[in-house]
Amino acid sequence: MTTDPGSYSSGAGHAPVHFGAGPSSDLVSSQGRTIIADAVVAKIAGIATREIDGVYDVGGGTARVVGALRDRIPGARVNHGQGVAVEVGEKQAAIDIGIVAEYGVALHELAAGIRRNVIAAVENMTGLEVTEVNITVFDVMLFDENDPAAELDAKPRVQ
């Protein structure tokens, strides 16, 4: 869906404006350059990764530990770029993502789904061509491993 930014109508219900539908050469023109920061691409890729069912967490061991510490600080924000490394050029981006998958998910299908979603999100939002998305599965999480809620709901074996 392409929306003309000049056709903005004022009103209470503001709809998001979507520009373009894929990679674009509009980042460099005779009128100037648009530079997309690495952190922006990493954040988009991180959010797109978390949208896929079967992704338990994003990042390897150290990134997840730092994220868990950050979560304990009142008012701290989630780092959506956690576990994502990017290289951004003038027209292209390469993305490396580390994940922890849920047990029982077909990892090759999970990686393909993440790859499709990340490429679509980055290309549509930035106009950059995504040349590759490399995915590393660091771990597989069993639901009873680190689920404190499961421990609270567990019934005692004897009364």
Side-chain angles (χ1 to χ4, degrees), residues 1-102 105-141 146:
M1 176 175 126
T2 305
T3 304
D4 180 14
S7 65
Y8 177 78
S9 62
S10 61
H14 298 134
V17 179
H18 301 281
F19 299 97
S24 168
S25 61
D26 294 341
L27 294 172
V28 179
S29 72
S30 61
Q31 297 174 329
R33 296 186 323 161
T34 301
I35 299 170
I36 310 290
D38 291 10
V40 172
V41 175
K43 184 178 277 191
I44 293 168
I47 292 169
T49 299
R50 286 174 175 84
E51 290 175 348
I52 302 298
D53 289 332
V55 174
Y56 180 81
D57 203 357
V58 179
T62 305
R64 291 176 45 222
V65 168
V66 171
L69 291 173
R70 184 177 36 259
D71 290 345
R72 293 177 187 235
I73 300 170
R77 295 184 187 169
V78 173
N79 179 6
H80 293 289
Q82 170 186 308
V84 180
V86 299
E87 292 179 39
V88 178
E90 285 188 12
K91 297 180 181 182
Q92 296 179 325
I95 303 168
D96 297 320
I97 303 169
I99 66 163
V100 176
E102 295 175 358
V105 174
L107 299 178
H108 63 287
E109 291 175 7
L110 178 62
I114 292 169
R115 196 169 281 113
R116 276 192 304 272
N117 205 42
V118 167
I119 290 170
V122 171
E123 288 185 348
N124 289 335
M125 293 181 71
T126 66
L128 293 166
E129 175 191 1
V130 178
T131 58
E132 62 182 22
V133 177
N134 300 311
I135 299 166
T136 302
V137 180
F138 286 112
D139 198 0
V140 175
M141 184 58 65
N146 282 332

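Each residue takes its place number in the sequence, starting with 1. These values consider heavy atoms only, across backbone and side chains, with no hydrogens, waters or symmetry-generated copies.
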Over all atoms of both residues, closest heavy-atom pair of [X] and [Y]:
| X | Y | value |
| --- | --- | --- |
| Leu128 | Ala93 | CD1-CB, 4.2 Å |
| Val84 | Ala45 | CG1-CB, 3.9 Å |
| Arg115 | Ile135 | NH2-CD1, 3.9 Å |
| Val122 | Thr126 | O-OG1, 2.5 Å |
| Ala48 | Asn117 | O-ND2, 2.7 Å |
| Val100 | Met141 | CG1-CB, 4.0 Å |

[X]: which residues meet the side chain to side chain contact (heavy atoms under 4.5 Å, CB included) condition with it, sequence neighbours left out?
| X | value |
| --- | --- |
| Val105 | Glu102, Leu110 |
| Ala112 | Arg116 |
| Thr136 | Phe138 |
| Ile47 | Lys43, Glu51, His80 |

- Looking at CD1 of Ile99 and CD1 of Ile52, how far apart are the two atoms once the value is rounded to the nearest 0.5 Å? 10.0 Å
- Got a sec, which residues hit side chain to side chain donor-acceptor pair (under 3.5 Å) with Glu87, two or more places apart in sequence or on another chain?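 Expected list: none.
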- Query: What residues form a side chain to side chain donor-acceptor pair (under 3.5 Å) with Asn134, not counting sequence neighbours?
  - Reply: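 Residues passing side chain to side chain donor-acceptor pair (under 3.5 Å) with Asn134: Asp96, Glu132.
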- Query: Hey, does the side chain of Glu123 reach the backbone of Val130 with a donor-acceptor pair shorter than 3.5 angstrom?
  - Reply: yes
- Has the side chain of Asn124 got a donor or acceptor atom that lies under 3.5 Å from a matching backbone atom of Ala120? yes
